[in-house]
Amino acid sequence: KRDELLFSSVKGKNPFKDKRVRQAFYQAIDIEAIKSRVMRGAATPVATLITPEIRGYAPDLAKRLPFDVEAAKKLMADAGYGAGFELKMNCPNDRYVNDGEICQAVAANLSRIGVKINLEAETKNNYFP
């Protein structure tokens with residue numbers, strides 16, 4: 001809804017208003033690597049907020065797009081951000097299991113498509129004021 005992306009190198013517009021940018025971010029994140037390396041296999045990647053263990057889970061809605069860095073780069077270029085951009089990302093580092101490490105992994109993944117993340121990992125007391 002915001003017309004300009006705050007705390008970023010993009011001025012006067014919001015790249016996330018373009019579906020291609022949102023999809024590029026989605027496809028640039030290696031969820032399986034996060035599952036196996038950061039979470040040590042103790043996670044279930046899903047495409048929705050509801051996991052298979054919860055009543056009401058709909059498997060037909062849970063299909064994820066594939067991890068595909070090249071497709072993500074193309075989407076970014078098609079959206080006019082082939083050179084990427086820079087933005088700030090806040091995340092807690094003591095609230096959820098491996099939350100800070102997950103944020104670091106996501107930032108590293110996004111760097112592959114030219115997105116520089118200025119990561120601000122902070123305690124839950126600061127993140128959730």
Side-chain angles (χ1 to χ4, degrees):
K1 294 184 179 193
R2 189 177 296 275
D3 289 328
E4 183 172 327
L5 182 61
L6 301 179
F7 309 109
S8 76
S9 62
V10 180
K11 301 302 174 205
K13 57 184 172 179
N14 185 343
F16 293 110
K17 285 191 166 193
D18 189 321
K19 179 183 184 253
R20 295 170 295 188
V21 173
R22 296 191 307 270
Q23 184 173 330
F25 269 56
Y26 182 99
Q27 288 195 263
I29 298 170
D30 189 349
I31 297 297
E32 289 301 321
I34 291 172
K35 174 186 171 182
S36 65
R37 294 185 189 120
V38 177
M39 297 304 293
R40 297 177 206 91
T44 304
V46 294
T48 63
L49 293 175
I50 299 174
T51 64
E53 297 80 18
I54 296 176
R55 189 172 133 128
Y57 173 76
D60 54 316
L61 297 177
K63 293 182 176 76
R64 294 186 55 87
L65 292 172
F67 164 65
D68 188 337
V69 173
E70 293 308 313
K73 285 180 182 177
K74 182 176 182 334
L75 286 164
M76 290 289 284
D78 292 349
Y81 299 99
F85 54 89
E86 184 175 333
L87 73 149
K88 178 178 157 185
M89 182 171 83
N90 296 68
C91 68
N93 62 9
D94 64 349
R95 169 63 178 93
Y96 306 105
V97 176
N98 298 328
D99 48 6
E101 293 85 355
I102 291 169
C103 290
Q104 290 173 0
V106 167
N109 283 188
L110 293 173
S111 71
R112 296 183 206 166
I113 62 168
V115 175
K116 181 181 185 304
I117 299 292
N118 297 314
L119 184 61
E120 192 169 306
E122 51 198 347
T123 65
K124 62 185 172 197
N125 290 336
N126 290 331
Y127 185 80
F128 301 103

State, to 0.1 Å, how close [X] and [Y] come at their nearest heavy-atom pair, and which atoms those are.
{"X": "Y127", "Y": "P129", "answer": "O-CD, 3.1 Å"}
{"X": "A43", "Y": "P45", "answer": "O-CD, 3.7 Å"}
{"X": "R20", "Y": "L75", "answer": "O-CB, 3.6 Å"}
{"X": "C103", "Y": "L119", "answer": "CB-CD1, 3.8 Å"}
{"X": "A28", "Y": "L110", "answer": "CB-CD2, 4.1 Å"}

Using 0.5 Å steps for rounding, measure from the [atom1] atom of [X] to the [atom2] atom of [Y].
{"X": "I29", "Y": "R112", "atom1": "CD1", "atom2": "CZ", "value": "10.5 Å"}
{"X": "L61", "Y": "L49", "atom1": "CG", "atom2": "CG", "value": "11.5 Å"}
{"X": "I50", "Y": "Y57", "atom1": "CD1", "atom2": "OH", "value": "10.0 Å"}
{"X": "D18", "Y": "Q23", "atom1": "CG", "atom2": "CD", "value": "10.0 Å"}

Inset, instruction - Kindly indicate, with the supporting measurements, whether the criterion side chain to side chain contact (heavy atoms under 4.5 Å, CB included) is fulfilled by N14 and D3. - result: CA-CA 5 Å; N14 185 343; D3 289 328; 6.0 Å; no
Using a 4.5 Å cut-off on heavy atoms from C-beta on, say whether the side chain of [Y] contacts that of [X].
{"X": "I102", "Y": "M39", "result": "yes"}
{"X": "R95", "Y": "F128", "result": "yes"}
{"X": "I117", "Y": "L87", "result": "yes"}
{"X": "N98", "Y": "R40", "result": "yes"}

Inset, instruction - For the residue pair F85 and F25, categorise the inter-ring angle as parallel (less than 30°), tilted (30 to 60°) or perpendicular (more than 60°). - result: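 Ring orientation of F85 relative to F25: parallel.
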Inset, instruction - Would you kindly confirm whether Y26 and V46 end up in one hydrophobic cluster when ILVMFWY residues are joined by side chain heavy atoms under 4.5 Å apart? - result: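 In one cluster: no.
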Legend entry - Exceeds 12 heavy-atom contacts within 6.0 angstrom, atom NZ of K17: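 Enclosed.
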Inset, instruction - Answer yes or no: are there more than 12 heavy-atom neighbours, outside F7 itself, under 6.0 Å from its atom CZ? - result: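 Check fails, neighbour count at 12 or below.
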Inset, instruction - Might you work through the side chain to side chain contact (heavy atoms under 4.5 Å, CB included) test for V10 and Y81, ending with a clear yes or no? - result: CA-CA 10 Å; V10 180; Y81 299 99; 4.2 Å; yes
If we ignore hydrogens and angles and just use 3.5 Å, is the side chain of [X] paired with the main-chain N or O of [Y] as donor and acceptor?
{"X": "K11", "Y": "S8", "answer": "yes"}
{"X": "D99", "Y": "D94", "answer": "yes"}
{"X": "E120", "Y": "N90", "answer": "no"}

Inset, instruction - Let me see the working for V21 and M76 under side chain to side chain contact (heavy atoms under 4.5 Å, CB included), right down to the final yes or no. - result: CA-CA 6 Å; V21 173; M76 290 289 284; 4.2 Å; yes
Legend entry - Check against side chain to side chain contact (heavy atoms under 4.5 Å, CB included), V106 and I34: CA-CA 8 Å; V106 167; I34 291 172; 4.0 Å; yes
Legend entry - All pairs passing salt bridge (charged side-chain N to carboxylate O under 4.0 Å, His left out) where residues 54-75 contributes a residue, at least two apart: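 Only E70-K73, K74-D78 qualify under salt bridge (charged side-chain N to carboxylate O under 4.0 Å, His left out).
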